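Since this is a predicted model, take the numbers as computed values, not measurements. Counting starts at 1 for both ligands and their atoms, following the listed order.
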Amino acid sequence: EYNDIATPSRTKQLLEQYGFKFKKSLGQNFLIDTNVIRNIIDAAGIDKTSGVIEIGPGMGSLTEQLAKHAKHVLAFEIDQRLIPILGETLSPYDNVTVINEDILKANVSEAINAHLSECDQVFVVANLPYYITTPILMGLLEQHLNINSYVVMMQKEVGERLTALPSTKAYGSLSIAVQYYTDVKRVMVVPKGVFMPPPNVDSLVVKLTTLDKPRVQVEDEQLFFKLTRGAFVQRRKTILNNYMSLIQESKVHKERIMEWLEASGVAPTRRGESLDLNDYANLANNMKKYPE
Ligand code: SAM
């Protein structure tokens with residue numbers, strides 16, 4: 001239990017031993033607080049039958065605790081300079097696989113089959129590289145992988161967007177996309193001081209629990225996401241004006257768009273931020289009836 005990696009002294013010692021310099025461009029802010037890690041592990045609810053995917057193990061601070069609690073840990077780390085460090089810090093554990101790949105390019109589904117097929121459920125647990133939080137989460141969610149839940153730390157503002165409800169400032173197409181696939185809960189706010197080096201922003205740990213089926217029934221997911229994104233292109237404009245710009249390729253004119261909005265129960269003067277997932281699902285499912 002001792003010799004935890006997530007302490008200032010152990011982290012400094014490893015940095016010196018390997019002459020490691022942080023790369024800001026890779027979002028390298030390492031956790032140096034064992035309490036935060038314990039809270040993340042508790043929120044994840046993993047046990048010895050669980051497989052865990054970690055994105056960005058860094059020097060292994062979270063990974064070692066995951067290894068203690070899970071059946072197997074599969075960690076994707078892009079920075080090859082960290083691979084020998086992880087080789088040392090994780091040497092006490094025989095249930096960790098580190099893959100030196102960019103998570104955005106990796107074949108995660110294949111890696112799950114190769115390394116976590118013996119596990120009863122699969123979880124994602126990570127202190128994410130903040131600069132690519134959205135592509136990582138959306139990429140994994142859109143693949144409909146068999147992932148039970150995600151406990152992920154991110155920039156506080158982004159975490160607030162994931163949990164936001166309609167008619168709030170943080171609500172937007174990202175809130176809708178994540179809430180379409182998952183149930184979202186705040187776990188805890190994490191201050192800058194528990195990282196080395198400290199980031200410029202506060203952080204939030206969020207838990208996303210995958211729904212058995214998406215929250216609303218949508219015939220054409222691509223259209224649904226196009227409409228949710230299109231509604232926020234100009235936040236302060238009405239839904240009618242945003243959709244008149246979005247649906248330019250067709251000859252649908254104002255009257256047809258108004259008819260479609262009204263038939264879907266959405267007043268044309270409303271703003272995108274006041275519509276919930278059901279409203280967008282209705283719009284997407286109704287649209288076919290209103291061709292040019
Ligand atoms: N888990 C460690 C911790 O909490 O101390 C490190 C977290 S740090 C915020 C993010 C990690 O993600 C870094 O180790 C960084 O090198 C890695 N990373 C950045 N971009 C990545 C990518 N595209 N694919 C995989 N890992 C990446």
Atoms of ligand 1 close to Leu31 [distance to a heavy atom under 4.0 angstrom, numbered from 1]: 3 (C), 4 (O), 5 (O)
Row check, Phe20 ring normal vs Arg81 NZ/CZ: under 6.0 Å, within 45°: yes
Tyr171 and Phe232 aromatic ring geometry - parallel, tilted or perpendicular at 30°/60° bounds: perpendicular
Close-contact set for ligand 1 against Leu128 heavy atoms, below 4.0 Å: 9 (C)
Sub-4.5 Å side-chain heavy-atom contact between Asp79 and Gln28: yes
Sub-3.5 Å N/O-N/O distance, Asp102 and ligand 1: yes
Proximal ligand 1 atoms for Phe76, defined as those under 4.0 Å from one of its heavy atoms: 25 (C), 26 (N)
Plane angle bin for His115 and His72 - parallel if under 30°, tilted between 30 and 60°, otherwise perpendicular: parallel
For atom 19 (C) of ligand 1, the option (of Ile40, Ile5, Leu104, Leu26) bearing the nearest heavy atom: Leu26
Heavy atom of the protein closest to atom 12 (O) of ligand 1 (residue, atom name, distance): Gly56 CA, 3.2 Å
Proximal ligand 1 atoms for Gln28, defined as those under 4.0 Å from one of its heavy atoms: 13 (C), 15 (C), 16 (O)
Passing option when Val205 is tested against Met188, Arg186, Met154, Lys185 for side chain to side chain contact (heavy atoms under 4.5 Å, CB included): Met188
Atom 8 (S) of ligand 1 [closest protein heavy-atom partner, distance rounded to 0.1 Å]: Gly27 O, 3.4 Å
Numbered atoms of ligand 1 (with element) below 4.0 Å of Glu77, judged on heavy atoms: 13 (C), 14 (O), 15 (C), 16 (O), 17 (C), 26 (N)
Pairs flagged by salt bridge (charged side-chain N to carboxylate O under 4.0 Å, His left out) wherever residues 138-156 is involved - sequence neighbours left out: Lys156-Glu160
Within-cut-off N or O pair, Ile132 and ligand 1, under 3.5 Å: no
Candidate with minimal heavy-atom separation from atom 3 (C) of ligand 1, of Pro129, Gly60, Pro135, Ser61: Ser61
